[in-house]
Amino acid sequence: MKRSTSSTKRASKRQKVSNVTSSTRNHDKEKETLEWPEYYHDALNTVLAFVSSRRHLATTFPMIRSSAEGLLKRPLELSKVAELKALLPDVVEFAYIPHSDLRIHGETVSQQKKRSNSPDFTLHSQPLAIDTLSGSRLPGHEEEEHVLVLEFAENFRTTKPGNLVDKRNQRFKEAVDELMKATPEGEVSIDLLQAAARDHIPVNPSANRALPANDSQNLIIPEPKDRPSIDDILLEVQKQQWYKNQIADRRTFKEKVAIEGLLAEPLSHTIQQALQESRNITSLYYHQAAAINAIAQRKHVIVSTSTASGKSVIYQVPLLKFLEENSSATAIFIYPTKALAQDQRTALEQLLWACPGLQHIKVATYDGDTPQDHRRTIRETASVIFTNFDMLHASILPHEELWRTFIKNLKLVAVDELHYYSNLFGSHVAQIIRRFRRICTAVGNQRVIFVSCSATISKPSQHMKRLFGVEDVEEIVEDGAPSGKKDYLVWDPSVKDMDPGLAKLGQSGPMYEAINLMIFLMMRGVRVILFCKIRRACELAMKALRQRLSAEGRLDVLAKVMPYRGGYSQEDRRRIEHEAFSGHLLGIVATNALELGVDIGVLDAVIMLGFPFGIANFRQQAGRAGRRSRDSLAVLVAEDLPIDRNYVKFPDKLYDQSIDDLTVDIESKVIIEAHLQCAAHEMPLSKDDIFYFGASLGELCDSKLRKDKDGWYHPHPKFLPYPAKHVSIRGADDDKYTIIDVTKVGLPNGVPRIIEEIELSRAIFELYEGGVFMHQGLTFIVKEVSHDTKVARLVRADVNWITKPRDYRNVDAMQTHRIKEIARSPHRAHFGRVDVTTVVFGFRKIRGNKVLDVVDVDTPPYERQVTGFWFDVPKDLLGLMKKKCFNLAEAIHSASHAWMNRFSLSPDLRTECKAAEKEYNKEESQRKRPARLIFYDASRKGSVSAQAFDHSGEVLRQAHDTVETCPCKDGCDKCIHSATCSKGNVVASKIGALLILKALLNLDIDANGVATQFGSQGFETIVEATYIRPLDGVQVEPA
Ligand SMILES: [Zn+2]
Ligand SMILES: [Zn+2]
C-alpha cells in the first residue's frame, strides 16, 4: 500500500521541480480526463452516501457492489475500487476487517426490530460470543473471519446525502486533476493510477493463514539484525505522505565506547571462567570494577548508571567471592517485582552452575507465593534468597529466630532498582531496613554489606544513606558500558490537527500518530515499545494496532505485537515477557509496569505516547531502547496537554533539566511508630535504639508502646499478636474486583475464565454494565457487576466502539480535627476527615471522535473516608475575582497543584482536579463546589496528609514564590501544572493561582492592578466554602 501513495507523491514532487506545462499539454490532459472511468465513482458515491447516512449499516463490499452494479448496469471490478483507493488513500477505506468488527452497535441494533431488514442484520444477530479463545494461546491471536468493507471516511454526517455526493465527486475530480498535473511527461496518468491500484487490491487475511505469497517487496519485514539504520529510517519518514513536519525537535547522542575497569585483586580463575562461560564476560566495565573494589574494602556501594549497563555483576561477583572464601556465606537479593526477581535468579543460577566448586549452592525465591511447607527448607538450605521488602517486613523479621543462622552468615544484601523506593513506600522501607540492621547486630553480625543499583537518579549516595541509615557509602556514577548512537525526537501531532480534513478522518492526534509510527518502524524490522501512561490508553492503542494491521492484512506483524501492563495475570505476563525476551516480538504496548528492569531483550525504539510522569520516567523509558553497538530511537509523541506542549516549545528541558530528588521521610512519627511496634515485637526496644530510629524514639516509646518493669518496651497490645499485619507498607487499598470472562459458559466445555483483577479504585471507572472493557486490546462487554462479591462478568464481543465513563468526584471536608495558623496571615489551614465520593452515572459510546450514544447507568457511588486538609479561599478575594471575571475553578485548581508541586511527598496526596467538560460546559452545572484548596491521602491507610498539614503554611509560601517568579507565561510543570493531574491541567490559570496564594498568605494585592479576564465567561461552578465544624476542644495551633 505504501508504494502507491509514494508513487503519486513522487509524481507530484517531480512536477513541482520541473513545473513545465505548455498549453498544448494541458489540452491533452483535458482530453484524458474525459476518458476517466467516471462511471464507477459516481455510482459508488451515490450508494455510499446513502449507506453512510444510516450509521447502523456496515458497508460491506458485497452489499455496496450489488447496489452499485444495479445503478451501473454492468459489473464493478475490485480493481476499479482499488483505483479509487489509490487516488484518495486517506479518504477511501477499502480493506478486510475482522468479521466481528461489523457488529456496530451490537446491542442497540438487536433491540431495534426495524433494522432486521438491513442487509447486515444477519451479521448483528449472530451470537455475541465467539468461540475462538483457545486456552493454549494468548487471547487476541485467535483466528477470525474477515469481511471486505468499503467506506468513505470523511465525516460529512450533517450534510444532506445530495450534497455529500457532490462534495465527494468534487474531491474526486480534484484528485484526478492533481494527478494529471503531476504526471511527468511521457507517462499516462491512468496507467500510473492503475499500477498504484494493484497494491490496493485487498487481501483477505483469513483466506490464507500463511500470508499471501505476495511479490511486493513491502511485505517482507527485515530481520531486526538486517534492519536499516535509524538515520535512513528517519529520512524515509520525512518522505511519507503522512509526514507534515511533526518532528519538532531532534537530538542525536553519539555512540560511546566501553570504558574498562581494573580490579584491585584479580578474580579467581574459577570465577573468571564462570563469567566467561555463562555470560561471555572477559573484562569488566569501569563501574563494575569500581563497585567490586569498594565491596572488597567492605564499603556499602550505590551504582547509578544507565539501563542494561550490567549492574547485576556488581553484586553477583562479590557473592561468588564470599562463597569461595566460606561456603556457608549467605546473601539476600531484593527486587521490587517478582518478575525481576525471577529473571535475576535464573541468571545467578547459571553463573553458579558454571563455577566449579559452587555448583551445589542453593538459590531460592522467597516471596508471597512460596508455599508454607517450602519455607523451612529454604531457610535451612538456601545460600541466597530472592525476596522483597514486603516479605522482609511481614515474614522474615517477625520470625527472626527461625532465620538466625542465615542472618549470622549474611555477607551481602543487594537492593536492585533503588529508585523504586521513594515517597511513602520508600519511607516504610527505610524503617524496615533499620529493623533489619538492628536484628543483624543483635545476632552478632555487624559486617553486612549493602549494595544497591539504580537507574540514573540525582544524589544517589544521599538517597542510599537516608534509606539504609548507613554512612560509608561509595557512590559510583561513571557509566563504563558502551552505548550505540541514539536519536531523540519530539513528535508534535498538532501540526496535523491544523488540517481539518485529517482531523475529521481521525487520522491525526497523538494516538493515531504513535501507532502510525510504530507500524512504520515495525515494518522495517525495528523492535519497538510503545509506552502509554495509563492502562486504558495501553488497551486503546492495542485495539487500534489490531484494527490497522488487520485492515492492511498484516496479521504477520499483528502476531508479533503484544500489550503488557499491570493487572494481567502473572501467567500471561510471564508468557509475554518470555515471548519478548526470546525475540519473537516486534512490538510491545506497555504501561510503566515495564519501566522497571524486567528484561525483555533488545529493543531498538521507544515511543512514549504523552510525556510520562516526570523527567526521571522519561529518561528511564527512553533508556529501554538501544543496547551496545546498535543505533536506537526514542520518540516523545506530545499529547495536547499543557505539560507536553511545554516540552514541544522548550525541548532542551528534556535533556538539561535535573531529575527531582527522590524523597523518603525518615522523620515521620506516624511511620516510625508503626515500625517501632513491629521492632519491639521482634526484640524488646530500649532507648538505646535511638541509634536506629532517631530522636523521636523516646517520646514514641513512652506514649505508644508498653514498658515492662525492667524498662524494656513492647508493642501496644492492640498490635498483637502480629504487629506487622497492622502495618501496610504499600498503603494501597487491597480490595480488588475479579473480572471473569463468561463468553463460553453454556457452550460445550465452556468454563468461566478469570482474566484480570483490578483495584477497587479503578473498577469503578472500568466496570459498569453495558460498558466496554478492554483486555489485551480485545473488547468485552460488561454484562454484570456485583459490588457485594466484587465480581464482574464479561463476554467477548468485537465491537468497533468503546465506552468512556461519565463520572464526577466530590472531595468534601466533613469534620475538622486540627486547625493551624498560617504565619502572618489571619487565614488558617484545617485538617480532618474528608469524604471522597466517586460516581459513575453513565457512559458514552464512542467511535473515533464520534459519540454514538449517551447511556445512563445506576452504579452505586464509591465512597471513601480519608484524612486530608484544606484552605478556604478568602471571601473578599472571591468578590474581587468575580468582579474581574476570573474563572474560579481554574484558579483553585492551579493553586492546588502549585501547592502540591512544592511538597515532597505529594505523589501520595490527591487534590480535587477540575475537568474541562464540567467547567466549560454550556449548560449550568447543579454540582457547585466550594471555593477551597483541598488535599487528601491517596490511600485509605495513608498518613501523608498529616505530615503535609504540619508544613502546610511553609509550603504555601514556597508555592507562592515559585509561581510568582516562574518565567513561564501561562504556567508550566514547575509552577502550576502537575504531571499527575487526573484532568490533564486543562483547567488552569497562573494569575488566578497567584492571587489565591497571595490572599491566603495575606500578601498585598493591588485590586486596581488586577486585569479583567476575558474568554472564560460561563456558568460559575464554585460557591463560597462553608465552614466545617471542628470537634469539641480543638485548639488553633501556631504556625
Ligand atoms: Zn511556570
Ligand atoms: Zn488537576
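One-based numbering, in listed order, for ligands and for the atoms of each.
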* Exercise: do Tyr936 and Gln865 side chains pair donor with acceptor under 3.5 Å ->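 The criterion, which ignores hydrogens and geometry beyond distance, is not satisfied for Gln865 and Tyr936.
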
* To do: Take the Zn ion (ligand 2) as the vertex and measure to SG of Cys981 and SG of Cys913; round to 10°.
  => 110°

* For the atoms NE2 of His897 and NE2 of His893, give the angle they form at the Zn ion (ligand 2), rounded to 10 degrees. => 100°

* To do: Report, rounded to 10°, the angle at the Zn ion (ligand 1) between the two atoms SG (Cys968) and SG (Cys966).
  => 110°

* Aromatic contact, Phe831 with Phe949 (centres under 6.0 Å) -> yes

* Derivation of the side-chain hydrogen bond (donor to acceptor under 3.5 Å, both in side chains) call for Glu756 and His775 -> CA-CA 8 Å; Glu756 275 193 43; His775 174 81; 2.8 Å; yes

* **side-chain contact (heavy atoms from CB on, under 4.5 Å) assessment of Phe871 paired with Phe935** => CA-CA 9 Å; Phe871 304 104; Phe935 309 90; 4.1 Å; yes

* Asked: Would you say Cys975 has an N, O or S atom lying under 2.8 Å from the Zn ion (ligand 1)?
  -> yes

